[in-house]
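See below for the structure under consideration.
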Amino acid sequence: MTALRQASTDWPVRLGAPLAVLALLVPACGGDFGGDSDDDGGSSSGDDADADAEGSEGPDLSAPPEIECEVIEEDLGEHTIKFGIGLAEDSPQGMAVQFFGDYLDECTNGQLTVQLFPDSQVGDDLEMMDGLRSGTLEMTFPSTSPAVAFVPELGVFDLPFLMPDVEAADRVLDSELGQQLLDEFDGTGMKALAWAENGFRQVTNSVRPIESPEDVEGLDLRVMENEIQTTIWEALGANPTTMAFGEVFSAMEQGVVDGQENPWVTNLTSNFWEVQEYGSQTRHVYTPFIMMIGEEFFDELDPAYQQLIQEAADATRDYQRTISREMDEWARGQFEENGPEVNVLDEDQIEEFRQATEEVYDQWAPELGEEFVDEVRTLARQE
Ligand code: TK8
């Protein structure tokens with residue numbers, strides 16, 4: 001792991017305002033699976049009639065895989081795993097957690113169950129990670145970007161135009177180096193179980209379609225809590241504001257920011273189309289999700305449970321990536337159908353963005369470790 005070791009240890013990332021917020025783990029807001037909770041919270045407001053337009057025609061999705069396990073009949077203790085996520089129940093992330101819950105339930109005769117808290121109900125990525133560390137929450141599914149607060153090397157995924165396609169992402173994440181990055185969480189109070197997909201990020205805003213870097217100039221954009229993300233948007237002349245995901249919908253609704261950037265499935269399932277007029281396919285960054293469990297909670301489980309949880313996480317990883325990819329284009333179409341104007345940048349337009357953000361590498365590759373960045377890039381591009 002020499003390359004990783006070279007990475008700077010004094011990462012200048014802002015840790016947001018975590019801790020203690022998990023006190024609001026109100027049982028009433030936990031969605032048990034299958035319940036059609038009247039989604040009234042967080043980023044997914046949807047009171048007007050238009051909200052029903054979304055999801056009227058579902059995408060063609062693969063069914064969850066067969067659950068293959070030796071059922072644990074022995075009484076090894078009952079646990080309800082509270083699993084908090086930032087996205088909606090009907091996002092690939094939400095569907096994946098549902099599958100994960102079914103897996104554990106079925107393979108333990110109901111001794112291990114999962115309770116899903118979607119839509120940042122129990123906090124944002126950083127707060128939920130702190131929940132894992134303090135034991136108020138058992139599992140979460142953050143983006144890599146805020147997780148640089150714990151594993152700085154994850155910042156490599158914030159570099160713009162690093163991944164040409166999802167196959168490149170798989171090559172990096174499923175490599176030995178990818179596993180080593182997960183192992184870097186050991187000792188942080190969180191165990192990283194598996195890589196899943198947030199996806200290629202696209203810009204939405206309420207001012208104009210984004211076709212060239214000039215179109216971004218002067219826009220007030222929300223970005224993730226990560227300094228490389230801020231550098232990208234500054235390089236393009238926007239005014240980036242870091243903000244936790246759960247606040248993005250209302251910030252756009254109230255005009256605090258003009259826009260934000262996230263994969264199509266998020267732009268759709270978090271109802272951003274209600275408060276945005278343009279969606280532009282820029283694919284500027286590929287963000288992975290990490291499936292995480294509290295280290296202390298995990299360590300105290302019976303080894304048979306530990307093994308099962310890892311197996312379930314691996315199966316969930318594969319299923320989540322599959323449906324995330326199956327939903328991506330459909331979500332773009334659905335986003336557009338719900339109102340906003342959508343444009344897809346061509347190769348030349350993307351190239352302009354790539355050139356305009358080259359300085360991000362100049363600034364951050366030395367921080368991350370040049371060799372490490374090259375190693376990831378080589379895997380991504382199979383050079
Ligand atoms: C959800 C976040 C989100 C991410 C962001 O918890 O913050 O914009 O892309 O999806 O991880």
Side-chain angles (χ1 to χ4, degrees), residues 13-18 21-22 41-44 83-97 116-132 137 139-151 154-155 157-158 160 163 169 190 192 195-205 221-230 232-233 238 240-252 257 259-272 275-276 279 282-292 320-321 324 327-328 331 335:
V13 86
R14 204 176 63 86
L15 229 174
V21 189
L22 266 284
S43 57
S44 306
F83 200 140
I85 61 171
L87 301 189
E89 240 178 316
D90 60 353
S91 66
Q93 189 183 50
M95 292 165 72
V97 175
L116 172 65
F117 293 86
D119 295 314
S120 309
Q121 280 172 11
V122 293
D124 296 300
D125 285 348
L126 281 168
E127 293 163 349
M128 291 191 281
M129 283 187 262
D130 274 320
L132 262 51
L137 187 69
M139 289 188 72
T140 190
F141 218 148
S143 290
T144 46
S145 308
V148 297
F150 301 99
V151 178
L154 294 178
F157 297 111
D158 293 296
M163 301 290 183
M190 300 171 282
W195 293 112
E197 172 166 288
N198 188 344
F200 281 104
R201 309 180 74 85
Q202 331 288 3
V203 189
T204 71
N205 80 98
L221 289 184
R222 173 273 173 172
V223 299
M224 290 185 286
E225 293 150 303
N226 176 291
E227 293 206 352
I228 301 179
Q229 295 296 316
T230 300
I232 294 175
W233 296 100
T241 307
T242 53
M243 190 185 290
F245 180 74
E247 294 161 33
V248 179
F249 183 93
S250 56
M252 294 192 297
V257 293
Q260 61 84 46
E261 40 81 63
N262 253 297
W264 289 122
V265 289
T266 301
N267 296 332
L268 175 71
T269 58
S270 291
N271 296 336
F272 290 167
V275 290
Q276 296 283 269
T282 46
R283 293 168 63 87
H284 49 278
V285 164
Y286 176 93
T287 310
F289 274 140
I290 316 169
M291 207 168 168
M292 287 189 177
Q320 193 275 352
R321 287 189 205 173
S324 169
M327 265 176 94
D328 185 49
F335 179 83

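When reading the values below, keep in mind they use all heavy atoms of this one structure, side chains included, and skip hydrogens, waters and symmetry mates. The structure displayed is predicted, hence computed values, not measured ones. Indexing begins at 1, ligand by ligand and atom by atom, following the structure's order.
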Which atom of W233 lies closest to which atom of E261, heavy atoms considered: CZ2-CG, 3.8 Å
Below 4.0 angstrom from a heavy atom of G86, which ligand 1 atoms are there? Numbered from 1 as shown, please. 1 (C), 6 (O)
Mind telling me whether F141 and F83 have parallel, tilted or perpendicular rings, with 30° and 60° as the class edges? tilted
Near F289 (heavy-atom distance under 4.0 Å), the atoms of ligand 1 are 11 (O)
Where is the nearest protein heavy atom to atom 7 (O) of ligand 1: which residue, which atom, and how far? R222 NH2, 2.9 Å
N or O contact, N262 vs ligand 1, cut-off under 3.5 Å: yes
Answer yes or no for T287: is there a heavy-atom contact with ligand 1 below 4.0 Å? no
Could you walk me through whether Q260 and N267 pass side chain to side chain donor-acceptor pair (under 3.5 Å), step by step? CA-CA 9 Å; Q260 61 84 46; N267 296 332; 2.8 Å; yes
Test S143 against every option in D158, T287, N198 by the side chain to side chain donor-acceptor pair (under 3.5 Å) rule and name the one that passes. N198
Between T140 and G84 the two heavy atoms that sit nearest each other are OG1-O, 2.8 Å
Determine whether the side chain, the backbone, both or neither of E247 has a heavy atom under 4.0 Å from any heavy atom of ligand 1. neither
Under 4.0 Å from a heavy atom of R201: give me the atoms of ligand 1 that qualify, with their elements. 5 (C), 8 (O), 9 (O)
Number the atoms of ligand 1 from 1 as they appear, then name those within less than 4.0 Å of a heavy atom of N198, with their elements. 4 (C), 9 (O), 10 (O)
Distance check, rounded to the nearest 0.5 Å: L154 atom CG versus N226 atom CG? 9.5 Å
Atoms in ligand 1 flagged as close to S143, the criterion being non-hydrogen separation under 4.0 Å: 2 (C), 3 (C), 4 (C), 9 (O), 11 (O)
Among all protein heavy atoms, pick out the one at the shortest distance from atom 3 (C) of ligand 1; state its residue, atom name and that distance to 0.1 Å. F245 CD1, 3.7 Å
Has ligand 1 got any nitrogen or oxygen that is less than 3.5 angstrom from a nitrogen or oxygen of Q93? no
Residues F245 and R222: closest non-hydrogen pair is N-NH2, 3.5 Å
Which heavy-atom pair separates Q320 from P92 by the least distance, and what is that distance? CG-O, 3.7 Å
Look at atom 2 (C) of ligand 1 and say which protein heavy atom is nearest, naming residue and atom and giving the distance to 0.1 Å. D125 OD2, 3.4 Å
